[in-house]
Amino acid sequence: MEREANGRPTRRSFLITTGAASVVAVSGCLGGEGPGDDEFVITLSQFPDTVDPIDHITGDYFDVFDHVYEPLFDIQPGEAPEPRVVEDWEHADGAVELSLRDDVQFHDGQDLTAEDVAFTLERQIDPEVGPASSQVAGLGSIEGAEAVDDSTVRFEYSGAAALAEYEFGNYARAMSREWTDEQESAESGEIVGNSADVFNGTGPYEVVDFTPDTEIVLEPFDDYWGDEPPFDRLVFNADEESSGRVAALETGESDLTINVLPEDVQTVQNAEDAEVRTVTSFRNIFCPMKNEAEPFDSQAFRQAMNYAVDNEGIIDDVLSGFGEPMSQPVPPGVNGYNPDLDPYPHDPDEAASLVEESGYGGAEIELVAPQGRYLNDADVAQTVADQIDQLENVSCDVDVVDFGVVSDANSAGMDDYEIPFFMIGWGVITGDTDYGVSGFFQEGGGVQTFRDEELDQAIEESKGIDDPEERERQLQDVNEMAREKAPWIFLHLQESIYGVRQDVQWEPREDETIWAWEMSQ
């Protein structure tokens with residue numbers, strides 16, 4: 001196997017090994033015994049710190065809650081929604097009417113109604129109805145909801161029909177209005193508690209045991225309207241350390257673990273009955289530069305920061321090849337991705353020249369970055385800072401902090417410049433460019449880090465275009481404009497690396513979603 005000087009396998013050698021391992025996997029399925037035919041354990045990197053299904057926007061949390069609070073639609077990345085709880089829908093005059101199945105029940109036995117769906121949507125977008133939900137960032141064009149009759153709900157929206165579908169297709173998960181009113185904290189408006197009774201969705205699994213911060217156990221819901229789910233018992237736990245997650249897979253305590261770091265890939269390959277599966281995800285890793293703070297108010301300086309960084313080298317040396325360089329705010333496969341754009345090349349001379357052109361020669365800057373949230377994030381950030389610091393006319397330090405510090409900086413808004421330059425990741429989970437740009441480049445999106453009238457207007461125009469092909473072209477123009485204006489240092493698309501038992505039939509998804517009903521063994 002090809003290895004780097006540090007002894008880690010390269011991505012190329014990994015792919016060769018994967019081909020061989022597939023043969024072994026087939027042999028194992030034919031002659032081996034399944035790893036627990038009735039219980040399946042998924043080990044996450046973060047255990048949900050809330051029980052309220054709208055009080056989060058983290059992928060690990062969706063992986064758990066989607067089994068309990070099922071989506072209204074089946075979503076495949078980059079494709080239009082498919083019917084699930086909603087059987088049919090029709091757009092007219094800036095609104096859509098959704099027809100619900102008539103055989104859907106909540107786990108407490110109540111029937112799902114249009115009133116429940118409308119209430120859930122309002123609870124997400126209106127802080128007067130429920131707690132402030134971070135999911136509102138993905139529902140920017142949705143203006144309101146109401147029940148037309150028991151099985152028909154109406155969503156009103158301000159943009160194009162296709163944009164609305166991307167949004168409600170990904171974020172609407174019904175809660176019972178009556179149950180929620182009884183459970184909500186009078187003080188915060190959130191669902192709180194530490195028992196299985198604080199969960200009540202319409203999904204194929206119901207919660208039977210819950211130990212906060214440790215484990216949540218699900219079993220099939222007997223009165224579920226759809227197909228019987230594949231496992232008699234589904235367990236989620238978490239370990240913040242990749243080595244710990246991999247150890248759980250090695251010992252058979254886990255059947256699937258997420259976020260395996262490149263340095264742990266070989267350990268999984270060596271484990272009995274386990275293998276690594278990967279996909280280039282929709283999650284971009286990048287460094288926003290708030291453009292109303294010096295020296296980032298200069299486009300030349302921001303472009304210089306992109307030329308100063310060797311993305312190919314970082315991917316090869318720090319990520320062992322597990323990544324792809326970014327050329328724009330969204331990844332391939334997302335609606336509006338512009339295939340004609342290339343990543344900024346590594347050109348230190350051009351970077352130094354642009355710094356002089358910006359008038360900020362001699363600038364001293366600091367990159368703030370998390371540790372343990374993304375693949376080798378602290379090492380990536382240190383390398384980025386070192387490469388910028390190698391310019392003769394810029395000094396750059398790195399400050400590695402808890403992810404919460406970076407997350408707060410990302411949501412602090414344009415008027416807070418305490419941390420103007422940081423590293424973060426963003427998964428474009430709706431599969432549409434709007435979700436990758438509106439929040440960061442427009443007012444009211446929740447995570448604005450860049451203010452530019454021309455870019456703002458171009459995004460706004462895209463929201464009102466009904467023709468899908470015309471809208472896609474407009475979004476491609478938005479991405480080209482964003483590359484030129486360089487609001488971020490565009491780093492890389494993160495490779496999602498999973499450790500999985502070999503006899504599990506499942507392929508990882510670009511949007512990082514894990515649904516048990518897409519598995520078999």
Side-chain angles (χ1 to χ4, degrees), residues 77-78 140-141 159-160 162-163 166 280-292 296-312 323-347 350-351 353-354 357-358 424-443 445 447-494 510:
S141 76
L163 174 59
Y166 278 116
T280 302
S281 75
F282 282 170
R283 183 174 298 280
N284 290 333
I285 307 298
F286 53 94
C287 301
M289 296 174 280
K290 290 191 173 181
N291 68 321
E292 291 182 350
F296 305 115
D297 57 344
S298 165
Q299 178 171 312
F301 189 89
R302 297 192 305 271
Q303 290 177 333
M305 297 302 97
N306 277 279
Y307 281 112
V309 176
D310 180 8
N311 283 332
E312 291 278 5
E324 299 289 342
M326 278 178 61
S327 62
Q328 55 198 288
V330 302
V334 167
N335 183 48
Y337 171 80
N338 190 327
D340 297 327
L341 302 180
D342 294 323
Y344 277 87
H346 182 220
D347 190 338
E350 178 68 9
S353 176
L354 284 168
E357 179 183 322
S358 75
I424 199 161
W426 189 260
V428 189
I429 60 174
T430 64
D432 186 82
T433 287
D434 187 81
Y435 187 69
V437 298
S438 290
F440 288 95
F441 307 146
Q442 287 197 295
E443 300 281 355
V447 288
Q448 189 181 19
T449 57
F450 190 77
R451 182 175 280 147
D452 181 272
E453 184 176 349
E454 185 182 27
L455 184 56
D456 187 335
Q457 183 176 348
I459 296 171
E460 196 60 33
E461 288 176 3
S462 75
K463 296 177 185 292
I465 300 174
D466 284 319
D467 181 78
E469 293 184 359
E470 182 182 352
R471 182 167 177 271
E472 182 178 17
R473 288 194 295 271
Q474 176 71 9
L475 292 175
Q476 289 176 340
D477 290 344
V478 166
N479 281 314
E480 182 176 4
M481 190 181 298
R483 182 191 184 279
E484 179 68 16
K485 293 179 181 293
W488 308 337
I489 296 178
F490 300 101
L491 294 181
H492 55 268
L493 309 177
Q494 179 166 286
E510 296 163 306

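The first residue in the sequence is number 1, and the count goes up from there.
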Between [atom1] on residue [X] and [atom2] on residue [Y], distance to nearest 0.5 Å:
| X | Y | atom1 | atom2 | value |
| --- | --- | --- | --- | --- |
| Q299 | S358 | CD | OG | 11.5 Å |
| F282 | Q494 | CZ | CD | 14.0 Å |
| I465 | D467 | CD1 | CG | 8.5 Å |
| E480 | L341 | CD | CG | 5.5 Å |
| D477 | L455 | CG | CG | 11.5 Å |
| R302 | L354 | CZ | CG | 11.5 Å |

State, yes or no, whether a side-chain contact exists between [X] and [Y] at a heavy-atom distance under 4.5 Å.
| X | Y | answer |
| --- | --- | --- |
| N479 | P329 | yes |
| L491 | I489 | yes |
| K485 | Q303 | no |
| K463 | S438 | yes |
| F450 | E292 | no |
| L493 | I285 | no |
| P487 | T449 | no |
| E324 | H492 | no |

Hey, is the main chain of [Y] close enough, under 3.5 Å, to the side chain of [X] for a donor-acceptor pair?
| X | Y | result |
| --- | --- | --- |
| N306 | A486 | no |
| S353 | E350 | no |
| Q476 | Y337 | yes |
| E461 | Q474 | no |
| R483 | Q328 | no |
| R283 | V428 | no |
| D342 | S327 | no |

Requested in this report: Report the C-alpha separation of D456 and F441 in whole Å, then their side-chain angles, then the decisive distance to 0.1 Å, and conclude whether the side chain to side chain contact (heavy atoms under 4.5 Å, CB included) test is met.
Outcome: CA-CA 6 Å; D456 187 335; F441 307 146; over 6 Å; no
Report task. Classify the side-chain pair N291/D297 by whether it contains a donor and acceptor separated by less than 3.5 Å. Result -> no
Please give me the minimum heavy-atom distance between [X] and [Y], naming the atom from each residue.
| X | Y | value |
| --- | --- | --- |
| Y307 | A351 | CB-CB, 3.8 Å |
| E357 | A300 | OE2-CB, 4.0 Å |
| G436 | V330 | CA-CG1, 4.1 Å |
| P331 | N284 | CD-ND2, 3.9 Å |
| Q448 | E443 | OE1-OE1, 3.2 Å |

**Report entry** Worked check of side chain to side chain contact (heavy atoms under 4.5 Å, CB included) between H346 and E312
**Finding:** CA-CA 8 Å; H346 182 220; E312 291 278 5; over 6 Å; no
Query - Name of the residue among D466, D434, T433 meeting side-chain contact (heavy atoms from CB on, under 4.5 Å) with R471 - result: D434
Query - F440/W426 aromatic ring centres below 6.0 Å - result: yes
Report task. Measure up the W488 and F286 rings against each other and bin them: parallel (under 30°), tilted (30 to 60°), perpendicular (over 60°). Result -> parallel
Report task. Measure the acute angle between the ring planes of F490 and Y344, then classify it against the limits of 30° and 60° as parallel, tilted or perpendicular. Result -> parallel
